[in-house]
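Note that the numbering runs from 1 along the sequence shown for the chain. Remember, predicted model here, so these are calculated numbers, not experimental data.
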Amino acid sequence: MERSRSVWRSASNLTPRMVRDYIRTQLWPVPLTAVIASVVLAQYVTWLDHQLDDDMPPALSALLFGGGAAAARSLMEAIAASTITVTSLTFSLTVVTLQLASSQYSPRLLRTFTSDRFVHNTLALFLATFAYSLTVLRTIRDNDEESTGFVPEIAVTLSFLLSLTTVIGLVLFLGHLSRQLRVERMLADVHDDLSATMGSVTGGSATPHIELEAPAGALDLPAGSSGFLVQVNEEALLKAARQFDVVIVLQRPPGDFLVEGVPYGYATQREGGDWTEDQAQQLRQAVENCATIGFERNSVQDIGFPVQQILDVAVRAISPSVNDPTTCVHALGHLSAGLSSLAREDSGHRMMTDSEGHVRVTIRRRTLSMLLELVVSQICTYGMDDPRVARRLVDLIDETELNASGRHSEIFGQQRQRIARALSGSGLDPVDQQELLQRCATGA
């Protein structure tokens, strides 16, 4: 596999949050860990049975499995067979849920399902019970001429308790799955993800309108591979800027798709001068090592990704094949809450300074203006023929503007004009149309 297709192409580029996000969105780490732990546990409990075989207290022995080797073997075989069957059922239900979420709501919601800790833990419990039972089964021996019989009473009893736990886990999993299939639950999960992303990327920013155009003599920084700009290691980028005594500006925010060889930033020398070929090559390589490029967006630094997830649900809901404006209205409510939080922060592009206070790194972010443009343009294109959707979009602008506390008035004015043009060409009832046009004209 080419290096350009690997998100993990530079170990120094990983951050704790990115590692957590990767593990959280994979189905295998927790179940695999549980399987390994269950095998170790089975070996230990079996050893403990050997140690206490002749010295088992009567009170404890009465609570443990009391059958012979044949009964213990049958029980272990039944538990292993039934557990792997239940595990297959659980995987099947999970796959069906993923298919439904992809087709009915948005394929970008799959990350939300695969990051569900309840699903991870349920699969881990089932697979751990299966692996534990198989490991214990191999230690059971009949009493014959070649060997002395051995029945690990504690291990068999623990396997029985694990099997009861899997039954309870299956019932809870079915209930959890039915809740997760509700669109309100999905939207709430993505909203939480949006809030977490905003909390990690906002603060310490410059004005949203800072100039990002490359000046004359700047060194272009081309993308080393094609894919989404998943994450930028800010500390490593600042270190590189200090090392080469330059100012680095990334003109594309995390979440944008980069094409190999096309510049997505530039660097300028603080003291002026010409670039040597070696300096340019070394700096470009250093910046490339600070950028993680992959073929799937995530919400580690990309504030636009959870917004896009919610917006996809809203647009899909008002499509002719679904025709569910209520879901669209709910989605716009979540978008209004998220954009209002961003408006209160008044955040812009990320600026990082050295110890002397000189700006060394500027990283473009998705600002309130960009996200409003995304939301309003999509809903104006697909949803203005429904009065509830149109009214909720106007409410979104009003609510976000109130939270902006007088900032970005020009941005809100532009979006109101766009909504007014969409309303004028919509098929709304004249009364509704006139009411909403009046609201767009007067503002919040």
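Side-chain N/O atoms of Q251 and E213 include no donor and acceptor closer than 3.5 Å. Counted by atom type alone, R316 and S319 present zero donor-acceptor pairs between their side chains at under 3.5 Å.
Contacts classified as ring-ring contact (aromatic ring centres under 6.0 Å, His included) and involving residues 170-196 (residues at least two apart or in different chains) are given here: F118-H176, H191-H334. Residue pairs meeting the ring-ring contact (aromatic ring centres under 6.0 Å, His included) criterion with at least one partner in residues 367-386, sequence neighbours excluded, do not occur; the list is empty.
In this structure, L437 CG and R421 CZ are separated by 12.0 Å, a value rounded to the nearest 0.5 Å. Rounding to the nearest 0.5 angstrom, the gap separating the CG atom in L250 from the CG atom in D256 is 11.5 Å. Summarising the geometry, atom OG belonging to S115 is positioned 13.0 Å from atom CD1 belonging to I23; distances are rounded to the nearest 0.5 Å.
Side chains of S336 and R392 form a contact here, defined as non-hydrogen atoms less than 4.5 Å apart. Counting heavy atoms from C-beta outward, H408 and T400 have side chains that stay 4.5 Å or more apart. K239 is not listed as a side-chain neighbour of V361, based on a closest heavy-atom distance of 4.5 Å or more.
Residue Y44 qualifies as open at atom OH: its count of foreign heavy atoms under 6.0 Å is 12 or below. No more than 12 heavy-atom neighbours from other residues, nucleotides or ligands sit within 6.0 angstrom of CG on D274.
I397 pairs in a side-chain contact (heavy atoms from CB on, under 4.5 Å) with only one of the listed residues (L339, V376, L402), which is V376.
For D192, there are no salt bridge (charged side-chain N to carboxylate O under 4.0 Å, His left out) partners, not counting sequence neighbours.
With S409 contributing its side chain and G406 its backbone, the two residues share no donor-acceptor pair below 3.5 Å. Checking side-chain atoms of H120 against main-chain N and O of T25 turns up no donor-acceptor pair under 3.5 Å. Judged purely by atom type and a 3.5 angstrom limit, S226 uses its side chain to pair as donor or acceptor with the backbone of E260.
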For this session: Could you give me the CA-CA distance, side-chain angles and deciding distance for R416 and D398, then say whether side-chain contact (heavy atoms from CB on, under 4.5 Å) is met?
Result: CA-CA 9 Å; R416 289 182 190 281; D398 290 344; 2.8 Å; yes
For this session: Dump the intermediate steps for salt bridge (charged side-chain N to carboxylate O under 4.0 Å, His left out) on R360 and D354, then the final yes or no.
Result: CA-CA 6 Å; R360 289 287 192 172; D354 57 19; 2.9 Å; yes
Exercise. After noting the C-alpha distance and the side-chain angles of T166 and F130, does the key distance pass the side-chain contact (heavy atoms from CB on, under 4.5 Å) rule?
Worked result: CA-CA 10 Å; T166 60; F130 173 73; over 6 Å; no
Problem set entry | Working for side-chain contact (heavy atoms from CB on, under 4.5 Å), residues I293 and Y264 | CA-CA 12 Å; I293 297 177; Y264 67 105; 5.6 Å; no
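In summary, R391 and D395 do not engage in a salt bridge, as defined by a charged side-chain N under 4.0 Å from a carboxylate O. Salt bridge absent: D432 and R388 never bring a charged side-chain N and a carboxylate O closer than 4.0 Å.
When every heavy atom of L181 is checked against every heavy atom of Y105, the shortest pair comes out as O-OH, 3.4 Å. The minimum heavy-atom distance between N403 and E399, with the atom names listed, is ND2-O, 2.9 Å. Of all heavy-atom pairs between F228 and E296, the closest is CD1-N, 3.9 Å. When all heavy atoms of I303 and T197 are compared, the pair lying nearest together is CA-CG2, 3.8 Å. C440 and I419 get closest at one heavy-atom pair: SG-CG2, 3.8 Å. Annotation for I318 and C328: closest pair CG2-CB, 3.5 Å, computed over non-hydrogen atoms.
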